[in-house]
Each structure stands twice: as C-alpha cells, then as structure tokens.
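Below is one structure; the comments refer to it alone.
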Amino acid sequence: MAAELWLVFWTLLKILAITIPVILAVAMFVYWERKVIGWMHVRMGPNKIGPLGLFQAFADVVKLLLKEVVVPANANRFLFFLAPLLALVPALAAWAVVPFGQGLVLANVNAGVLYLLAMSSLGVYGIILAGWASNSRYALLGAMRSAAQVISYELAMGMALICVLVLAGSLNLTAIVDAQAGPKGLFDWFWLPLLPVFVIYWISGVAETNRAPFDVAEGESEIVAGFHVEYSGSAFAIFFLAEYANMILISFLAAVLFLGGWLSPFPVSWGWIGTPGFGWLLVKAFVFSFLFLWFRATFPRYRYDQIMRLGWKVFIPITIVWVLVAGCMKYFGWVTIGG
Amino acid sequence: MMSGQEIRNYTMNFGPQHPAAHGVLRLVLEMDGETVVKADPHIGLLHRATEKLAESKPFNQSIGYMDRLDYVSMMCNEHGYVRAIEQLLGIQAPIRAQYIRTMFDEITRILNHLMWIGSNALDLGAMAVFLYAFREREELMDCYEAVSGARMHATYYRPGGVYRDLPARMPQYQESRWHKGKDLKRLNRWREGSMLDFLDAFTDDFPTKVDEYENLLTDNRIWKQRTVDIGVVSPEQALAWGMSGPMLRGSGIEWDLRKKQPYAAYADVDFDIPVGVHGDCYDRYLVRVEEMRQSNRIIKQCVKWLREHDGPVMLDNYKVSPPPRESMKTDMEALIHHFKLFTEGYGVPAGETYAAVEAPKGEFGVYLISDGANKPFRLKVRAPSFVHLSSMDAIVAGHMLPDVVAMIGTYDVVFGEVDR
C-alpha cells in the first residue's frame, strides 16, 4: 500500500517536473516571439517590464487572470468552459511520452507515436467546441475552418510519421531516437532519407498548431479572432497556453523524430562535442520554434480552401509515395539504420 | 428526403468594428458557408457634413476640412479644392508654387500608397510590410511638418499659391532618452541641409525600400494566391462604375488626369502611367507599386527645378492672398487687406466650376458654385473611394470571405472621404 502511494506521489512529482517547465517555457516563448518579431519589424518589442522586458509574459498572465470572463448571453455555458480545458489538457498530456534524454521520459510506452497522434487530434475538439459554444458567427467560421484544416493536415502528418516508423521499426520515441544513432553523426538521422517527408511534417506541424501562414482559424483580419473571439480573461489565457505548448511540442517532436533527439550532430568519436545530451535536443527544438516566429513575421495568410488544396493534393500524395520509398529503403537496406 | 427542411443563407455583420474594415465600413454579408452571396455596404458612420459646413465659412477656412476627407492623401484634397476656387477667381499660382504643389502631391501619393501597401498586406496577414512602410511614411510626414507645422492636416495650399516657401533648414531630431549617440546621427544623416537636400537623399534611397516591399510580396506564392484573379474588374465594368485611379488603370485603361488634363507642373515633368492587364488585385498591387516609383521620379525632378529657380510662392494679389507681415507694420493698405481677408475673406465671382486632381485613390473632384458671396453657395466633393465602394457587391459576390478583405484592401477606401 505504502509503495503504491509512493508511486502515485512520485509520478505526480514527475508530471509537475515536466508541466511547470513547459508552462514557464511558454511564458518565455511568448516573450521571445514578441521580441524576435519586433526585431524583424524594425521595432523594439516588449522592453518596459523587468530588465529588457523579461517579465512581460508574467504581467500578461496576471492581467488575463484578473480580467472578467465574459460569457455571451446565448452561449452554452458548459461547453463554453469545457472547450479551453479540452484544448489545454491534450496539449500538456502529450508531453508524457516525449523523451528528453536516454531514459528521461515520464511514460516510456511502446505506442508513443500513436499516443501523440491521439492527443493532437483531441486538441481540435477544444477549438470546435469553443466555436460552437460561443454562438457567434465569427467563432463558428473559425471552428469550421479549423476542423477542416486540422483533419487534412493530421493525415499528412500521420503519413509522414509512418515513414519514420517504417525506418525506425518502432512506435516508441526513445527507440526512434536510438535508431538514428550512428557513426556519421547528423547524416545518420532520418531527415536525410526522409527529406521531403520531413519538410511536410514540419509544414503540417505549423498547420496543426494553427500558426501563420495557416492561422485561418484565428484569421485576425478576416474573422477577427476566430474560435476564441468570445473568450476573455483566464479562459482565453488557457487557449493561448495550449497553442504555445503545442508549438513547443511540435518543435521537440521534429527534433526527436527527424533530427536524432538528444544525439549530437557530430560523430561520437569527436570527444565531448560528440556526446549526446539534453542540450542538443533543446538547441534543435529552439531552432524549430524560431521558425514558427519567422514564418509569422514574414508570410501572408493562406485562404482556407488553398490550405486544403495544399494538404490534399500535394502533401498527402507525396507522403504516400514516400511511405513506399521508405519501405523499399528498409526492405532492400538502401540506408543504414542504427549505425 | 428531408422534405420541409429549408436551407437559408446566413448574414454576417462585417464591421464597423473590424480590423479589416479600414475605418468604419459596415458590410452586411449574405454568406453561403464561406462564400459571399451578397455584400451590402453600409456607410455614413463617419459623416461630418463637410460639404454643408463649407457653406457656412469663408472659402479659405474650408481648406482644413479637405485634409480631413481622405486623411491619408491630405494635400491632394486641398489641391482639388484650391484649384476650384482659383478657377472661379480666374487666378493662377506662381510657377514656383505650382512646382511645390506638384512635389507635395507626389509626396502625398507615396504617403498614401505606403499606407495602402502596409494595410493591404496586413489584411492578408503579412505583418512586416506594414511596419516597413510606416518607417518611410515617417520621413515624409516630417516634410509635411517642415512646411506646414502639421504632420497630417497641413492646410498648406492656398488659393493663389502655397502658405509659405520651403524651409531652408530641415528640422532635426533632438537628443532625448530614446534618440542619442549613433542612433541620433543615423536619424539626422539626411537632415543636415535644407528640405530639398533631405528630399534628394530620400528619393535616392526610396527605390531600394520599394524593392524591399516587393521582395516580401511580389513573387511570394501565398501573396499571389491571395491576389491573382481575385476581384477581377473588366475595363468595361471599370468605366461603367466610374472608377478612376489605380482601380481603372489596373484594368488596363490608361487614364491619368496628370497626363490627360495636366494641372500644376505635371506637363513639364517626365513620368509614365503604369497599367495592369487582368484587372485583378495583383495587377492593382503592381500598378500602385510602380506608381510609387514614378512619384519618386517626379519628386526628384521637382527638387531639381526648385533648386534652380527661385521666385514667389504666393500671388501678389492682396484681394485674395494675405500681404507679407513686414509690410503690415508700415503699410496701412496691407493692414486693411489683412484684416479684411482674415475676417470676412474674399468674394468669389458668381458661377460654377469643377476642378479635379489625380488623387492617389483616383479622381478627386470638387464642384463649386458661388453666388458672389464670401462663402460657397454649394460645394460637392467627388470622392474616388465612394465611387469604388459602390461596386463592392458586384465584384465580391461569389468570392470567399478572405477575398472580401483583399478587396477592401485593394479599393484603398478611406472613410473620411466616403462619408464626408
């Protein structure tokens, strides 16, 4: 009995050890986003609160928490409050299977990739319900767009992941990283044999998180804020948190699935610079999350039927072809996997 | 199957409080899913009765109202109004004033097109262009401020010329908490000499800035997908709706009042009229970008001319234009003229006239009727945005909601002049 209690307590501690850094990372990421986009736009970005504006994100949190949550008169109250939670919970729960290093994972499950796909599909329910429950036409349009978009990009992303699975021979994320280890350093990683799929995975990831140039669900200048137009205060903050947690998640996954996770880009024989470590994973994820911001600062927004066309007519066919190619690679041993 | 089930389109209220409404446009959209079936623009939320107000004031006192019509192309509006008065009075501004007006009309055109490229790009999601455009706008706003003291609502053109000659020194940034050291030097690097020196430096640099915007947009696949074949206006439609300016030229009709009915000094400067081919949003985008380059050319020529020629900038006719302040100290006549001009103004011979200028958005016209008094009997403003907006329903029907946003952007509507 005591041992079981201890296990529960220990697991809870581990969950906190992941969740709190993720939430803090979101706060700093928001600050970093505003700063980076500011620089790209020849302006300053936040610079008033704290040294260099570093506490801006926390000030925003305090502001949002203190604000009133306005519920529209004809909204479905239950769904209205359920929706943000439905968006946030999968976004945080997905972190359970993300390995941060060799053996450094909360749940080293064998169906890790499957679990991730399930969690990211659940997230869209939050958006759809938010749009529906708000009983606003703008919100409904946003929800419709988001549903269509996420479903089609989920397919492309799933196909891209299948290629990884084929090469790695496992659904376990730790095993996938291990399969990329090799003497040639970064040339052993999956990005090289799966280059088109890697690009598609990344673009689908941007689309999945509803970020520019695929931010039609939010559509600032078209449908104002889309699905969360009626949300304010802490309810809005939760959507915000979910979106950014998802962005960081997608960045980590890109690093884990295609860029060898915590492996060093240099061959192991090169000494300390070749040793794997959490730092490498962090660097890779940081580069990817920076891309999110770069896209947002630069690109115009797609129209939503154009996004669908890109997803169905370009990405899905390419990934299907590449699943075959990856199968051949594996079967005929065209690429060496796992050193 | 499902008999008795009635499927209705739903209506959506787009604006007046909407980030893409460019002011206070209210569109009632009838939507079939995301497709617009009918777009019904509602206007009048910014109505300030400019035309009626003008009837109650001496002629000169309404110049300031003109700035506030299309508040991103201020001096062009003034030009239209001042020209109408000059036509009724039968006077003409001195040649130097004509060149100054030409130069500021083109500065205004760049100001307007910068605002347009920024907000149109922002509407379609490209944020960076907006802030880049505003960086250059700031420099030109400083020119407005240097000649008139106001960054936007200048009231610089007067019947008989312009309010005063160009300043011999371009105002500089002062040292402050925000601008100091190297940053201050960079800000002031063009401002060491006169305003003409400043404009010279600006016009040398501006084409590279336009290249910068084009880098972000012209060959961008997403930008093209959002604008090519969106909101196509055929030449016949464009004429039938009375379009003018880039809306008309985008459809391939070479019509520009600066060339076809030259006013001010446009007959003496060299420039080209860009025209589009397909009449879609992308062509209008290209036309406006090229217009910025052409305006830059015109400014450069005006600067050159103004450097070489000196002369009065105001008519020496004290029945219309105020006498110099020095002469008022000694000359009784001058003092009386000044007093009369600034209390009751001047009478304008009875008659009616129409004066039009090529404003950045299209033909800005002023129809003026005078009964001989010191106030207009009737003033009618022909605002290009108003004319363009009336074609909204016909062009937008069948497009999707995001295209409506692209279309509002390409109309370049400003509600100051639509609602007047």
Side-chain angles (χ1 to χ4, degrees), chain A residues 33-34 36-45 47-48 135-149 203 206-207 210-226 229 293-310 313-314, chain B residues 9-15 17-22 29 31 33-36 118-136 138 178 183 209 212 215-218 220-230 285 399-409:
Chain A
E33 168 174 43
R34 293 176 62 178
V36 165
I37 294 187
W39 289 328
M40 289 183 181
H41 286 170
V42 259
R43 52 191 176 88
M44 303 234 189
N47 64 351
K48 288 282 176 282
N135 203 5
S136 149
R137 278 161 194 179
Y138 284 102
L140 188 63
L141 273 180
M144 266 166 34
R145 287 172 171 200
S146 171
Q149 174 190 345
I203 298 176
V206 177
N210 286 326
R211 293 289 297 182
F214 303 100
D215 57 342
V216 288
E218 202 174 313
E220 172 68 34
S221 58
E222 296 150 19
I223 48 175
V224 193
V229 67
L293 313 183
W294 195 2
F295 292 165
R296 184 176 169 202
T298 317
F299 286 135
R301 186 183 300 112
Y302 268 113
R303 210 172 61 197
Y304 114 100
D305 60 320
Q306 291 163 346
I307 290 184
M308 307 295 282
R309 196 169 61 209
L310 185 70
K313 291 192 177 167
V314 182
Chain B
N9 292 333
Y10 65 102
T11 51
M12 204 166 106
N13 204 14
F14 186 101
Q17 305 297 330
H18 190 285
H22 283 222
L29 298 173
M31 310 275 293
E34 279 249 351
T35 312
V36 177
S119 52
N120 196 10
L122 188 66
D123 285 349
L124 299 186
M127 241 191 299
V129 188
F130 185 74
L131 288 132
Y132 291 176
F134 267 67
R135 180 185 55 192
E136 273 72 70
E138 196 58 34
W178 297 278
D183 187 39
K209 294 287 164 55
E212 220 168 83
N215 262 342
L216 280 166
L217 299 177
T218 305
N220 186 321
R221 291 172 68 104
I222 307 178
W223 179 256
K224 279 177 117 166
Q225 285 187 22
R226 288 300 307 274
T227 50
V228 173
D229 283 337
I230 303 296
Y285 156 77
H399 283 73
M400 296 179 80
L401 179 64
D403 299 332
V404 176
V405 176
M407 205 56 214
I408 296 173

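Keep in mind that this is a model prediction, so the values were computed, not measured.
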Calculate, to the nearest 0.5 Å, the distance between atoms [atom1] and [atom2] belonging to [X] and [Y] respectively.
X: A/His41; Y: B/Tyr132; atom1: NE2; atom2: OH; result: 6.5 Å
X: A/Thr298; Y: B/Met127; atom1: OG1; atom2: CE; result: 9.0 Å
X: A/Leu141; Y: B/Met12; atom1: CG; atom2: CE; result: 5.5 Å
X: A/Ile307; Y: B/Gln225; atom1: CD1; atom2: CD; result: 10.0 Å

Exercise for the section: Step by step, work out the side chain to side chain contact (heavy atoms under 4.5 Å, CB included) result for A/Arg301 and B/Ile222. Expected result: CA-CA 7 Å; A/Arg301 186 183 300 112; B/Ile222 307 178; over 6 Å; no

Exercise for the section: Looking only at non-hydrogen atoms, find the nearest pair between A/Arg137 and B/Tyr10 and report the distance. Expected result: CD-CD1, 3.8 Å

Exercise for the section: Go through the atoms of A/Arg296 and report whether side chain, backbone, both or neither lie under 4.5 Å from a heavy atom of chain B. Expected result: both

Practice task
Examine whether an atom of A/Ala297 lies under 4.5 Å from a heavy atom of chain B, and if so say whether it belongs to the side chain, the backbone or both; otherwise answer neither.
Solution key: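 For A/Ala297, the backbone is the part near chain B, not the side chain.
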
Practice task
Sort out for me which residue in B/Leu401, B/Ile230, B/Val405 forms a side chain to side chain contact (heavy atoms under 4.5 Å, CB included) with A/Arg303.
Solution key: B/Ile230

Contact check, side chains of [X] and [Y], non-hydrogen atoms, under 4.5 Å:
X: B/Met400; Y: A/Gln306; answer: no
X: B/Arg226; Y: A/Tyr302; answer: no
X: A/Pro300; Y: B/Lys224; answer: no

Problem - Greatest number of heavy atom pairs closer than 4.5 Å to chain A - which of B/Leu216, B/Leu124, B/Leu217 - result: B/Leu124

Handout entry: Best-contacting candidate, B/Met31, B/Arg135, B/Glu34, against chain A by heavy atom pairs under 4.5 angstrom
Key =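 The answer is B/Glu34.
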
Non-hydrogen atoms of chain A under 4.5 Å away: do they reach the side chain of [X], the backbone, both or neither?
X: B/Thr227; result: neither
X: B/Phe14; result: both
X: B/Ala128; result: both

Exercise for the section: State whether the number of non-hydrogen atoms from other residues, nucleotides or ligands found under 6.0 Å of B/Arg221 atom CZ is greater than 12. Expected result: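 It does not: B/Arg221 CZ has 12 such atoms or fewer within range.
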
Practice task
Quick one: sort the B/His18 and A/Tyr138 rings into parallel, tilted or perpendicular, breaks at 30° and 60°.
Solution key: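 Aromatic pair B/His18/A/Tyr138 classed tilted.
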
